[in-house]
Amino acid sequence: MRDETITGETVPVPESGYNFAYLDEGAKRMIRRAILKAVAVPGYQVPFASREMPMPYGWGTGGIQVTASILKPEDTLKVIDQGSDDTTNAVSIRRFFAKTAGVATTEKTEEANIIQTRHRIPEKPLSEDQIIVLQVPIPEPLRWLEPREVETRRMHALSDYGVMHVKLYEDISRHGRITTNYDYPVMVNGRHIMAPSPTPKFDNPKMGNMPALQLFGAGREKRIYAIPPHTEVKSLDFEDHPFSIQAWDEPCALCGAEEVFMDEVILDDQGGSMFVCSDSDFCQRRRDAGHKGPAVEGDDT
Amino acid sequence: MSELLRVENLTKSYGRQRGCTDVSFELWPGEVLAIVGESGSGKTTLLNCCAGRLAPTGGSVVYETRHKGLIDIHGMSEPERRFLMRTDWAFVHQNPRDGLRMNVSAGANVGERLMAVGARNYGNIRNAALDWLSRTEVDPDRIDDLPTTFSGGMQQRLQIARNLVSGPRLVFMDEPTGGLDVSVQARLLDMLRDLVDRLGLSAVVVTHDLAVARMLSTRLMVMQQGRVVETGLTDRVLDDPQHAYTQLLVSSVLQP
Amino acid sequence: MYVAVKGGEKAIDNAHRLLAEDRRGNPDVPELTIDQIREQLKLSIDRVMTEGSLYDRDLAALAIKQARGDLIEAIFLIRAYRTTLPRFGYSQPVETSDMVLDRRISATFKDLPGGQVLGPTFDYTHRLLDFMLAAEGKEIDAPETVETDTDETPRVLEILARNGLMEPPDGIETDGRSEAEKADVGDLTRDPLSFPTNRDLRLQNLARGDEGFLLAMGYSTQRGYGRNHPFAGEIRFGTVSVEFVPEELGFPIEIGEIEMTECDMVNAFAGSAEAAPQFTRGYGLTFGHCERKAMSMALVDRALRSKELGEPADAPAQDEEFVLSHSDNIQATGFVEHLKLPHYVDFQSELAMVRRMRAEFFGEDDDASTAEAAE
């Protein structure tokens, strides 16, 4: 937002100078066409004419453009980064939409009908009335094996995916297991191999047959892709080395939750640490409901 | 029985330059055809056109597929052709670096074709790789090593293992012993001949080395300036060359 | 007692206040005006306009002020503003042959019609700090001004082309595209770049590309990584008029004048199967006076044509996907700097894996803080 004119005279903040949700309607239509195509071909990366946004590339410009294109004035938006509503970039993006679109925002997963996220899917299962928008830095799952766009496009077109298992084979032969822990490649609808964005592999099973529409936006790389509701998403693996997800031995120190993705919080410089839910809303709501983890048990303040 | 490969009036030109002109031949199951000639004679261009790696300017290459009978490989769709190339066919490059993934282990190199067609059991893939490494005389203990740590001869044997693991029927080879020392060449040739015999492979081998042709092939085609000047059973052509160019080649190279 | 990290909003607000304070610097020193920046930091303005791909001197000056002199940040501001502007249409191609010249040099011919015009250039200055400038208020000797007649200053490459020694302006016909296809110029701000590209989109990408990146890429071709034997056929800087055809009128009207720098590199070409030996060109064009950028762009443009001309293409500067995917400094700076964003989740995944593998390495089986469970 410019709040100064060229001569330095201060004028009221000109939100009204921009269209609803910042993007002009032409750009939104273009992006919505790309989204429709992405939904029609699950997992396929649709090139789109990514606009230059007032945030840096790599900071969620793809997700922001997708959200801006589907946002309606009556929507309620939740923005998370690393599972948390309160990390700086989540705050910055939420403010951007509150300012340019004036939509309601929330931290409560079930209150939002659009959730923009970076690197996590909420622990609370999403419903058919919700859309989750994931920010994607590198949309091409084959990029680390083949840097050339011309070649990766051909590989997708021909389902020439042998090389993906070559990578997994190498992991197992070197380390005894598949060592990919996030951005773990998936096969969508039995046809396209897709990067789930740098979400931990813990979240991969949530993507399969999810009732909510999942949209993926990569602004710098100019790609949009989608997983329609109730679509099969399979994490690549071998029969004798099946896909597995992370699990923690201890429950969340604050709310006692188990079988959720945890952040490790360093407590001192002696190596002391504890594990807490990465999903801050999920954790807070459990604590509000009276659940307690080991770190707060008996602490009634 | 029908022929495995039928090449008719194949021509490939690059602008004003001719790669190969009006070449026709058939290859029968179990047969090894050698194409000889000096560099620039068009033999590698011909090989690439036959193997579907280069689109010809004219003529056709017809292959007897397992399920659909004779099909013009240049009329196939790209996915069909790719599938054929990684299952029924093999291509051995002169420089093993062109045919290997240098940044993944020997085992992954051998296993790739299996994974590409849907093999999803790590243990089975690894066992197949071990088996093919030993069949191509690569120490199975080297299965997890990168090809960059292999000698030239070992890389070439690894490339052959990587190609043969899918049980191809037809192998294209471009100067398979080209970059190797003489002693290493002899061992590789022995191994190749043995594999071809035992597996009943058909092959098209391009070489400038008449000794390689003599050792591997049943039939021989001599090329000069993009055209076939003489063709026949290998022993007949080498022992009793008819065309002046073949006579020149034989007299300048072979010392009986 | 542990308190979850909170306060992102407050932190951001305060960071913005600190930024504003830092931008202003010592309030006892008079504040820079937009006019001063526009008039006295011309080459910064020109770079911001070129790489921001928006010709507006006042906005560029404002962006430089707001960005505290960080030109890439200023370019970013301009780009983000530009993207919101409505498109009325496309101007007619500017005719640089009709440029009112401030500078025009050729390294290929000693003398040529219209002569060599040095104009404002650092080229023959001695790079000695001028302490008189620090003292302010230095008097300037008024330069002589010469009027050039555009009829008498044909472009050097046109002279070569008349003799058939130079390829036609839109390249040698080897890419199999029809005239109509070539005339259909793409717009990479409206359609995503897809590979392989054509020269129109390559030139657009290079025109917006980072000066430093193109400089290094162009330099690498001179040092043998994709050598293409360049000569500076002509570099010209001056003013051209911009024409636009409003639909209502149906004929072009002049809508303004802009300053531009153009560089034509002349490169030897040995000929191919289809094309006779002749000179080829690498082309560079920028807003304002960005000579280094225009020259670098021309070198890289020519390097990227090697495939079309049937030359070996194995150097970095000849690799279209490599050059075009990494030339944009706004994309590059965003992605490099996004490493500042939290990556707790990805890092936690790696941490758990490394701990577990270390435990195995040291022969402890169940001691790791996390274990993997079957899905």
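Residue numbers start from 1 in every chain, and the chains themselves are labelled A, B, ... in the order their sequence lines are given, proteins ahead of strands.
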Please flag which part of [X] lies under 4.5 Å from any non-hydrogen atom of chain A: side chain, backbone, both or neither.
X      : answer
C:E321 : side chain
C:D35  : neither
C:L339 : neither
C:F76  : side chain
C:T33  : neither
C:D346 : both

Please state whether the side chain, the backbone, both or neither of [X] comes within less than 4.5 Å of a heavy atom of chain C.
X      : answer
A:T87  : side chain
A:M30  : neither
A:D263 : both
A:S278 : side chain
A:R148 : both
A:F202 : neither
A:P47  : both

Is the number of heavy atoms from other residues, nucleotides or ligands under 6.0 Å of [X] [atom1] greater than 12?
X      : atom1 : result
C:Y225 : OH    : no
C:K42  : NZ    : yes
C:F88  : CZ    : no

Residue, of [options], that accumulates the most heavy atom pairs under 4.5 Å with chain C:
options                      : result
A:R120, A:R220, A:H119       : A:R220
A:M53, A:H175, A:R51         : A:R51
A:S92, A:G219, A:P56         : A:P56
A:T179, A:L23, A:D24, A:T199 : A:T179

Listed by chain and number, what are the ring-ring contact (aromatic ring centres under 6.0 Å, His included) partners of C:F195, not counting sequence neighbours?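 Expected list: none.
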
Output all residues satisfying ring-ring contact (aromatic ring centres under 6.0 Å, His included) with A:Y184, sequence neighbours left out; order by chain, then residue number.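 Expected list: A:F243.
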
Charged N to carboxylate O below 4.0 Å: is that the case for C:E360 and A:R177?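 Yes.
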
Sidechain N-carboxylate O distance under 4.0 Å for C:R23, C:D70: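 No.
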
Flag the one option from C:K340, C:R87, C:M357, C:H343 with the top tally of heavy-atom pairs under 4.5 Å to chain A.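 Among C:K340, C:R87, C:M357, C:H343, the one with the most close pairs to chain A is C:H343.
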
Given the options C:A61, C:P196, C:A332, C:A80, which has more heavy-atom pairs under 4.5 Å with chain A than any of the others?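 Result: the option with the highest number of such pairs is C:A80.
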
Close side-chain approach of A:C277 to A:L254, heavy-atom, < 4.5 Å: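 A:C277 vs A:L254: side chains apart.
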
Distance, nearest 0.5 Å, that separates CG of A:D85 from CZ of A:R94: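 The CG atom of A:D85 sits 5.5 Å away from the CZ atom of A:R94.
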
Check the pair C:L77 / C:Q66 against side-chain contact (heavy atoms from CB on, under 4.5 Å), numbers first and verdict last. CA-CA 9 Å; C:L77 290 167; C:Q66 188 180 330; 3.6 Å; yes

Return yes if some donor-acceptor pair links the side-chain N/O of A:Q82 with the main-chain N/O of C:V345 below 3.5 Å, else return no.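 Between the backbone of C:V345 and the side chain of A:Q82 there is a qualifying donor-acceptor contact (under 3.5 Å).
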
Under 3.5 Å, is there a donor-acceptor pair between the A:R285 and A:S280 side chains?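 There is no such pair (donor and acceptor under 3.5 Å, judged by atom type) between the side chains of A:R285 and A:S280.
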
